Amino acid sequence: MSERTTCAETFDWFVAYPDVSAVAIVDSQSGAILGLINCFIFFARYARQYVPELFRRKSILRLANRSPLIVDEKVQITDLGATLLMENPDALFECFVVTRCGRYLGIGTGEALLRDKVRLLQAREQELSRALTAETQANSAKSDFLALMSHELRTPLNAIIGFSEVLGTELLGPLGHPRYREYANDVHGAGRHLLALINDILDLSKAAAGKFDLQCEEVSPADIIGECMKLTRGKAHEGKLRLHCDLAPGLPSLIVDRLRFKQALLNLCSNSIKFTPPGGHVHIMADQDDDGRFVLTVRDNGIGMSAEQIPVALEPFRQIASPFARNTEGTGLGLALVKSLVECHDGWLEIESEVRKGTAVRIILPPERTIRRRTALLA
């Protein structure tokens with residue numbers, strides 16, 4: 001408003017626009033701020049000269065709000081704040097009545113409520129800060145423990161694996177009874193399984209702590225896929241499955257850690273083989289989408305998952321409770337480890353699945369991880 005606006009004009013304006021809380025008074029020539037008029041304060045001052053004579057002998061109820069907000073003392077501050085904002089925001093300015101067992105206890109103000117709300121938020125922030133510090137320390141201790149234990153376990157395990165292999169192959173001479181060789185082979189297999197489990201736990205812990213040191217290099221996706229197919233073809237044959245791949249022409253090379261990327265693909269292939277019944281198929285596909293992202297898909301027609309089970313499968317040490325998967329073995333680290341390995345490469349996983357129809361898991365890497373994109377950026 002201009003400084004030339006009269007009080008009567010201001011009164012009419014506030015009546016016409018009841019939702020406006022305040023207006024600024026601005027110099028009509030320079031645009032400088034001359035003042036501020038709050039509508040509540042303005043009405044009180046404007047009516048001061050008339051109110052005493054009009055209401056001097058009337059009950060105070062004539063000027064009172066006959067339906068104020070009444071709050072019991074047991075209402076939580078957080079709940080009260082939501083009620084005021086959603087149902088009765090005027091009470092923040094007008095104040096409200098606090099009762100105990102239906103009888104008057106005191107007056108609550110928006111200012112006091114705001115102070116308490118800020119105090120609660122500060123206390124919660126401090127609590128969260130302490131929890132975050134404790135979690136960071138716990139994660140650090142967990143990583144140190146896993147690193148130490150993995151070293152301590154690997155040393156005797158390597159001896160067990162090595163000696164059991166010598167016994168199983170009868171490298172130094174016949175053992176005598178054929179059952180001894182059979183037992184030695186069982187010990188060798190169990191030792192290798194336990195070693196693989198320890199390595200997976202340590203890898204998952206490193207990835208979660210952000211301590212993965214990737215040794216990235218230029219890698220041909222066709223080479224990685226070919227190596228993985230060679231390593232998993234035997235398992236697929238044992239399970240009476242068809243394993244095949246489909247690579248789009250002109251695929252770009254990738255800038256990835258060869259060992260870790262291969263590990264992720266091997267885990268996906270092993271999962272598909274494990275959860276696909278005899279007669280099924282596992283299909284590996286690689287392509288580059290229109291946005292330049294590299295997409296690697298492992299698709300099967302196995303037991304599949306429901307939409308609710310997918311987040312569970314991505315959590316470490318969680319396995320899907322399904323009658324179709326009761327004969328499978330595992331620790332529940334497969335997909336969780338793949339997710340961590342892919343995220344370390346700035347990528348992400350996409351999973352599509354349907355019960356009894358199969359699963360498709362996609363590894364998606366950004367254009368920056370392809371050699372063409374990298375060359376363009378360097379240029």
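What you see is a predicted model; the values in this text were computed from it and never measured.
A side-chain donor-acceptor contact under 3.5 Å links Asp300 to the backbone of Thr359. In terms of modelled atom types and a separation under 3.5 Å, the side chain of His283 and the main chain of Leu243 share no donor-acceptor contact. With hydrogens and angles disregarded, a donor-acceptor distance shorter than 3.5 Å links the side chain of Glu3 to the backbone of Ser28. Of the possible polar contacts, one joining the Ser353 side chain to the Gly358 backbone as a donor-acceptor pair under 3.5 Å is found. Under a 3.5 Å cut-off, the side chain of Ser2 and the backbone N or O of Thr5 do not form any donor-acceptor pair. Ser340 places a side-chain N or O within donor-acceptor distance of the main-chain N or O of Ala336, the cut-off being under 3.5 Å. In this structure, the side chain of Ser272 does not engage the main chain of Cys269 through any donor-acceptor pair within 3.5 Å. Of the possible donor and acceptor atoms, none in the side chain of Ser129 sits under 3.5 Å from a partner among the backbone N and O of Glu125. Remark: the backbone N or O of Ile303 is not paired with any side-chain donor or acceptor of Arg356 at under 3.5 angstrom. When atom types are taken as modelled, the side chain of Ser30 and the backbone of Asp27 share no donor-acceptor pair closer than 3.5 angstrom.
A salt bridge does not link Arg4 with Glu9: none of the charged nitrogens is closer than 4.0 Å to a carboxylate oxygen. Note on Glu170 versus Arg181: salt bridge recorded, some NZ/NE/NH1/NH2 to OD/OE distance being below 4.0 Å. Ion pairing of Arg100 with Asp72 is absent here, as no side-chain N (NZ or NE/NH1/NH2) approaches a carboxylate O to less than 4.0 Å. Salt-bridge annotation for Arg293 and Asp291: present, with a side-chain N of the basic residue lying under 4.0 Å from a carboxylate O of the acidic one.
With sequence neighbours excluded, the residues satisfying ring pair (Phe, Tyr, Trp, His ring centres under 6.0 Å) with Trp13 are Tyr17.
In this structure, Pro221 and Leu254 approach most closely via the heavy-atom pair CB-CD1, 4.3 Å. For Ala313 against Leu335, the heavy-atom pair with the smallest separation is O-CB, 3.6 Å. Here the closest heavy-atom approach between residue Ala184 and residue Gly168 is recorded as CB-N, 3.6 Å. Among all heavy-atom pairs drawn from Lys339 and Glu343, the shortest one is NZ-OE2, 2.8 Å. Ala22 approaches Leu36 most closely through the heavy-atom pair CB-CD1, 4.1 Å. Of all heavy-atom pairs spanning Met1 and Val23, the tightest one is SD-CG2, 4.0 Å.
Residues Leu314 and Val342 are members of one and the same hydrophobic cluster, defined by side-chain heavy-atom contacts under 4.5 angstrom among Ile, Leu, Val, Met, Phe, Trp and Tyr. Val98 and Ile77 fall within the same hydrophobic cluster, where Ile, Leu, Val, Met, Phe, Trp and Tyr residues are linked whenever their side-chain heavy atoms come under 4.5 Å apart, directly or through other members. The cluster map of Ile, Leu, Val, Met, Phe, Trp and Tyr, joined by side-chain heavy atoms under 4.5 Å apart, puts Leu247 and Leu268 in the same cluster. Val71 and Leu113 fall within a single hydrophobic cluster, where Ile, Leu, Val, Met, Phe, Trp and Tyr are joined by side-chain heavy atoms under 4.5 Å apart, directly or via other members. Under the 4.5 Å side-chain heavy-atom criterion for Ile, Leu, Val, Met, Phe, Trp and Tyr, Leu194 and Leu167 are members of distinct hydrophobic clusters.
We find the CD1-CG distance between Ile161 and Leu157 to be 5.5 Å, quoted to the nearest 0.5 Å. Taking CG from Leu69 and CG from Leu80, the interatomic distance works out to 7.0 Å, rounded to the nearest 0.5 Å. Taking SG from Cys216 and CD1 from Ile255, the interatomic distance works out to 8.0 Å, rounded to the nearest 0.5 Å. Of the inter-residue distances, the one linking Met229 atom CE with Leu265 atom CG reads 10.0 Å to the nearest 0.5 angstrom. Taken from CG in Leu132 to CD in Gln137, the straight-line distance is 10.0 Å, to the nearest 0.5 Å. In this structure, SG in Cys95 is found 6.5 Å from CD1 in Ile107, a value given to the nearest 0.5 Å.
Under the side chain to side chain donor-acceptor pair (under 3.5 Å) test applied with Arg258, the options Glu218, Glu227, Gln215, Glu217 reduce to a single match, Glu227.
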**Message:** Apply side chain to side chain contact (heavy atoms under 4.5 Å, CB included) to residues Ser253 and Thr370 and explain how you reach the verdict.
**Reply:** CA-CA 6 Å; Ser253 296; Thr370 63; over 6 Å; no
**Message:** The test is side chain to side chain contact (heavy atoms under 4.5 Å, CB included); show your working for Leu296 and Ile225 and say whether it passes.
**Reply:** CA-CA 10 Å; Leu296 178 61; Ile225 294 172; 3.7 Å; yes
**Message:** Pair Met305, Ile351 - check side chain to side chain contact (heavy atoms under 4.5 Å, CB included), show working.
**Reply:** CA-CA 10 Å; Met305 298 177 285; Ile351 301 178; 4.1 Å; yes
**Request:** Go through Ile70 and Phe96 one step at a time and tell me if the side chain to side chain contact (heavy atoms under 4.5 Å, CB included) criterion holds.
**Result:** CA-CA 6 Å; Ile70 301 175; Phe96 50 92; over 6 Å; no
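Counting non-hydrogen atoms of other residues, nucleotides and ligands closer than 6.0 Å to NE2 of His244 gives a total above 12. No more than 12 heavy atoms of other residues, nucleotides or ligands lie within 6.0 Å of OH in Tyr180, so this atom counts as exposed by the packing criterion. With a 6.0 Å radius and a threshold of 12 heavy atoms from other residues, nucleotides or ligands, Lys117 has its NZ atom above the threshold.
Residues Arg260 and Gln263 have side chains that bring a donor and an acceptor to within less than 3.5 angstrom of each other.
Residues Ser270 and Lys235 fail the side-chain proximity criterion, which asks for heavy atoms closer than 4.5 Å. Taking 4.5 Å as the limit, some side-chain heavy atom of Leu231 sits within range of a side-chain heavy atom of Lys262. Side-chain contact check for Ile25 versus Ile37: some heavy-atom pair is nearer than 4.5 Å. At a threshold of 4.5 Å between non-hydrogen side-chain atoms, the residues Arg369 and Asp346 count as touching. Taking 4.5 Å as the limit, some side-chain heavy atom of Tyr104 sits within range of a side-chain heavy atom of Val97. Proximity of His281 to Asn301: side-chain heavy atoms (C-beta onward) are separated by under 4.5 Å at one or more points. Side-chain contact between Val295 and Ile363 is absent, with no heavy-atom pair separated by less than 4.5 Å. The shortest distance between side-chain heavy atoms of Asn158 and Leu195 falls below 4.5 Å.
The aromatic rings of Tyr46 and Phe11 lie parallel to each other, their planes meeting at an angle below 30°, with 60° marking the opposite boundary. Ring geometry for His345 against Phe261 counts as perpendicular: the plane angle is over 60°, on a 0 to 90° scale with 30° as the lower cut.
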